[in-house]
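Bear in mind the structure is a predicted one, so any value in this text is a computation, not a measurement.
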2 protein chains.
Amino acid sequence: MNISEAAERSGLPSKTIRYYEDIGLVEPARRLDNGYRDYAPRDVHMLRFLSRARGLGFSVLECRALVALYADADRKSADVKEIALNRVSDIDAKIADLQAMREILMELAETCHGDDRPDCPIIDDLASRAAN
Amino acid sequence: MNISEAAERSGLPSKTIRYYEDIGLVEPARRLDNGYRDYAPRDVHMLRFLSRARGLGFSVLECRALVALYADADRKSADVKEIALNRVSDIDAKIADLQAMREILMELAETCHGDDRPDCPIIDDLASRAAN
DNA sequence: ATAAACCTTCCAGCTACTAGAAGGTCAAGC
DNA sequence: GCTTGACCTTCTAGTAGCTGGAAGGTTTAT
């Protein structure tokens with residue numbers, strides 16, 4: 001099948017599929033005589049696998065590892081689990097960061113009257129904490 | 001003062017300070033005859049303001065707006081508050097995304113025995129949801 | 001025959017820096 | 001005066017993960 005059909009079936013844009021090929025993640029089963037990429041169902045399956053993994057926030061590097069593990073009949077499930085748990089740690093760290101930011105911003109926003117007057121605790125805070 | 005002192009006092013790397021100048025955020029008070037940047041205390045103040053704003057996750061675009069509002073004696077505090085609240089919305093959306101990912105990953109990790117055997121619900125899930 | 005809709009490759013751009021190269025300048029020590 | 005090292009300058013390129021567009025070939029339908 002053509003790349004556009006593979007795109008439709010996998011849910012990834014054609015551009016992204018070509019990009020994944022560029023970086024060595026998935027290549028089409030073969031090329032037709034006219035140079036067109038020709039995808040097999042298992043390629044589409046792989047692309048959807050990638051789409052889902054990326055959707056869960058795995059980096060392309062992690063995806064590469066997951067693809068390798070997926071293809072490896074002798075894999076240890078512990079290896080896969082480790083990647084997943086590392087990802088969870090990353091997520092936890094990011095959430096903590098964001099929550100801390102959110103808290104500060106909400107405190108500032110709540111004390112800002114938000115009208116036509118210029119005095120603003122948000123600006124003041126950015127400026128004064130900056131002065132420390 | 002030299003850029004390295006401005007860097008030390010503002011907490012931003014010299015490279016970043018030059019970058020901020022490049023994109024028009026803060027430029028030094030003047031240039032010395034030898035071409036060196038010469039920073040005034042108010043420049044450092046501005047740089048710290050930026051450092052803090054970036055630390056709270058404001059994009060460079062938002063920082064540009066905040067810098068303008070900071071410099072504008074006739075600003076409306078409502079404009080600042082809007083930027084801050086937009087940022088809070090962004091953060092909320094990101095946190096929700098991350099929490100959803102985290103939940104799925106934890107469910108998968110919990111059902112994965114994580115040993116030397118190859119069968120792995122994480123891989124299976126990525127593959128089968130991918131097949132849908 | 002021609003137009004629309006594919007496909008190809010390659011190059012540029014996005015965010016917000018960061019690293020490094022090539023070269024000028026300055027202050028200290030001898 | 002000379003050297004050494006630590007500054008400083010500009011410019012280019014790389015990071016992640018695509019995305020958009022240009023230039024050109026192919027296929028399909030009319």
Side-chain angles (χ1 to χ4, degrees), chain A residues 1-39 43 46-67 86-87 90-91 94 97-98 101, chain B residues 1-39 43-44 46-47 49-67 86-87 90-91 94 97-98 101:
Chain A
M1 79 190 77
N2 273 350
I3 195 170
S4 62
E5 194 181 336
E8 204 175 327
R9 290 205 205 174
S10 68
L12 290 171
S14 303
K15 286 262 183 193
T16 302
I17 296 177
R18 286 197 200 94
Y19 172 70
Y20 285 171
E21 182 181 346
D22 256 19
I23 62 173
L25 278 182
V26 176
E27 58 181 325
R30 61 196 186 107
R31 291 284 186 137
L32 300 180
D33 289 345
N34 58 13
Y36 285 21
R37 289 167 179 83
D38 187 30
Y39 291 90
D43 300 329
M46 202 69 241
L47 289 169
R48 293 190 68 105
F49 180 93
L50 283 169
S51 172
R52 171 114 181 113
R54 291 287 302 126
L56 283 173
F58 288 104
S59 70
V60 164
L61 209 63
E62 287 167 325
C63 284
R64 212 182 288 272
L66 287 171
V67 164
N86 282 342
R87 177 80 195 112
D90 290 351
I91 289 175
K94 251 180 213 154
D97 267 10
L98 289 171
M101 287 178 195
Chain B
M1 78 192 75
N2 273 350
I3 195 168
S4 62
E5 193 182 337
E8 203 175 327
R9 290 206 206 173
S10 68
L12 290 170
S14 303
K15 288 261 184 194
T16 302
I17 296 178
R18 286 196 201 95
Y19 172 70
Y20 284 171
E21 182 182 345
D22 255 19
I23 61 173
L25 277 183
V26 177
E27 57 181 326
R30 62 197 186 105
R31 291 284 186 137
L32 300 178
D33 288 347
N34 59 12
Y36 285 20
R37 289 167 178 83
D38 186 30
Y39 291 90
D43 299 331
V44 173
M46 200 73 240
L47 288 169
F49 179 93
L50 282 169
S51 172
R52 171 112 180 111
R54 291 286 304 123
L56 283 173
F58 289 104
S59 72
V60 164
L61 209 62
E62 287 167 325
C63 286
R64 210 183 288 273
L66 288 172
V67 165
N86 281 343
R87 176 81 197 111
D90 289 351
I91 289 175
K94 250 179 213 153
D97 267 10
L98 289 171
M101 287 177 195

Chemist: Any base atoms under 4.0 Å from B:Ile3, or only sugar-phosphate, or nothing? Heavy atoms, all strands.
Modeler: sugar-phosphate
Chemist: Between atom CZ in A:Arg30 and atom P in C:dT8, what is the gap in whole Å?
Modeler: 14 Å
Chemist: Just jot down the side-chain contact (heavy atoms from CB on, under 4.5 Å) partners of B:Ala29, sequence neighbours excluded, or say none.
Modeler: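 In terms of side-chain contact (heavy atoms from CB on, under 4.5 Å), with neighbours along the sequence ignored, B:Ala29 is linked to B:Ala40, B:Arg42, B:Asp43.
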Chemist: What residues, two or more places apart in sequence or in another chain, satisfy side-chain contact (heavy atoms from CB on, under 4.5 Å) together with A:Thr16?
Modeler: A:Leu12, A:Pro13, A:Tyr20
Chemist: Base, sugar-phosphate, or nothing for B:Arg37, non-hydrogen atoms under 4.0 angstrom?
Modeler: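 The answer is sugar-phosphate, as B:Arg37 gets under 4.0 Å only of primed atoms, P, OP1 or OP2.
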Chemist: What is the separation between atom CG on B:Leu32 and atom P on D:dT9, rounded to the nearest whole Å?
Modeler: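 Atom-to-atom, B:Leu32 to D:dT9, this comes out as 9 Å.
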Chemist: Tell me, please, which residues at least two apart from B:Arg87 pass side-chain contact (heavy atoms from CB on, under 4.5 Å).
Modeler: A:Leu98, A:Met101, A:Leu105, B:Phe58, B:Glu62, B:Asp90, B:Ile91
Chemist: So what is the end-to-end bend of the helix from C:dA1-D:dT30 to C:dC30-D:dG1, with 5 pairs used at each end and the value given to 10 degrees?
Modeler: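 Inter-axis angle at the ends, rounded: 30°.
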Chemist: Output the rounded distance in Å from CD1 (A:Ile17) to C1' (C:dT8).
Modeler: 15 Å
Chemist: D:dT10 phosphate, OP1 or OP2: any side-chain N/O from B:Arg31 under 4.0 angstrom?
Modeler: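 For D:dT10, OP1/OP2 do have a side-chain N/O of B:Arg31 under 4.0 Å.
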Chemist: Which is true for A:Ser4 with a 4.0 Å heavy-atom rule: it touches a base, it touches only sugar-phosphate, or it touches nothing?
Modeler: sugar-phosphate
Chemist: If you look at every strand shown and take non-hydrogen atoms under 4.0 Å, does B:Phe58 touch a base, only sugar-phosphate, or nothing?
Modeler: nothing
Chemist: Would you indicate what B:Ser59 reaches in the nucleic acid, counting non-hydrogen atoms under 4.0 angstrom: base, sugar-phosphate, or nothing?
Modeler: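 Sugar-phosphate, backbone atoms only, no base.
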Chemist: Who pairs with B:Arg31 by side-chain hydrogen bond (donor to acceptor under 3.5 Å, both in side chains), at least two apart in sequence or on another chain?
Modeler: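 Partners of B:Arg31 by the side-chain hydrogen bond (donor to acceptor under 3.5 Å, both in side chains) criterion, ordered by chain and then number, come out as B:Glu21.
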Chemist: Heavy-atom distance under 4.5 Å between the side chains of A:Arg18 and A:Asp22, does that happen here?
Modeler: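 A:Arg18 vs A:Asp22: side chains apart.
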Chemist: Counting only heavy atoms not in A:Leu61, do more than 12 sit closer than 6.0 Å to its CG atom?
Modeler: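 No, the 6.0 Å shell around CG holds no more than 12 heavy atoms from other groups.
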Chemist: A:Val26 versus A:Phe49: any side-chain heavy-atom pair under 4.5 Å?
Modeler: no
Chemist: Partners of A:Tyr36 by side-chain contact (heavy atoms from CB on, under 4.5 Å), sequence neighbours excluded?
Modeler: A:Asn2, A:Leu32, A:Asn34
Chemist: Polar pairs (N or O, both sides) under 3.5 Å between protein and nucleotides 18-22 of chain C?
Modeler:
unit_1, atom_1, unit_2, atom_2, d
C:dT18, OP2, B:Thr16, OG1, 2.9
C:dA19, N7, B:Lys15, NZ, 3.3
C:dG20, N7, B:Lys15, NZ, 3.0
C:dG20, O6, B:Lys15, NZ, 2.5

Chemist: Please list, chain by chain and in numerical order, all residues satisfying side-chain hydrogen bond (donor to acceptor under 3.5 Å, both in side chains) with A:Asp38, sequence neighbours excluded.
Modeler: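 Partners of A:Asp38 by the side-chain hydrogen bond (donor to acceptor under 3.5 Å, both in side chains) criterion, ordered by chain and then number, come out as A:Arg30.
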Chemist: Rounded to the nearest Å, what distance is computed from the CG atom of residue B:Asp38 to the P atom of nucleotide C:dC26?
Modeler: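 To the nearest whole Å, that distance equals 13 Å.
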Chemist: State, yes or no, whether a side-chain contact exists between A:Leu47 and A:Arg9 at a heavy-atom distance under 4.5 Å.
Modeler: no
Chemist: Counting only side-chain N and O atoms of A:Tyr20, is one of them less than 4.0 Å from OP1 or OP2 of D:dG17?
Modeler: no
Chemist: With heavy atoms under 4.0 Å as the rule, sort A:Arg54 into base, sugar-phosphate or nothing.
Modeler: sugar-phosphate
Chemist: Between atom CZ in B:Arg18 and atom P in D:dC8, what is the gap in whole Å?
Modeler: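 Going from CZ in B:Arg18 over to P in D:dC8 covers 7 Å.
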Chemist: Ignoring hydrogens, what is the shortest heavy-atom contact between A:Ile17 and A:Ser10? Give both atom names and the distance.
Modeler: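 Heavy atoms of A:Ile17 and A:Ser10 come nearest at CD1-OG, 3.9 Å.
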Chemist: Rounded off to whole Å, could you give me the CG-to-C1' distance for the B:Leu61 and C:dA16 pair?
Modeler: 12 Å
Chemist: Rounded to whole angstroms, how far apart are CD on A:Glu5 and P on C:dA5?
Modeler: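 Rounding to the nearest Å, CD of A:Glu5 and P of C:dA5 are 18 Å apart.
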Chemist: Report, one pair per line, the protein and nucleotides 27-30 of chain D atoms (nitrogen or oxygen only) whose separation is under 3.5 Å.
Modeler:
unit_1, atom_1, unit_2, atom_2, d
D:dT27, OP1, A:Asn34, ND2, 3.2

Chemist: Counting distance only, does the side-chain N/O of B:Arg54 pair as donor-acceptor with the main-chain N or O of B:Cys63 below 3.5 Å?
Modeler: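 Absent.
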Chemist: Expressed in angstrom and rounded to an integer, what is the separation of B:Leu47 atom CG from C:dC17 atom C1'?
Modeler: 15 Å
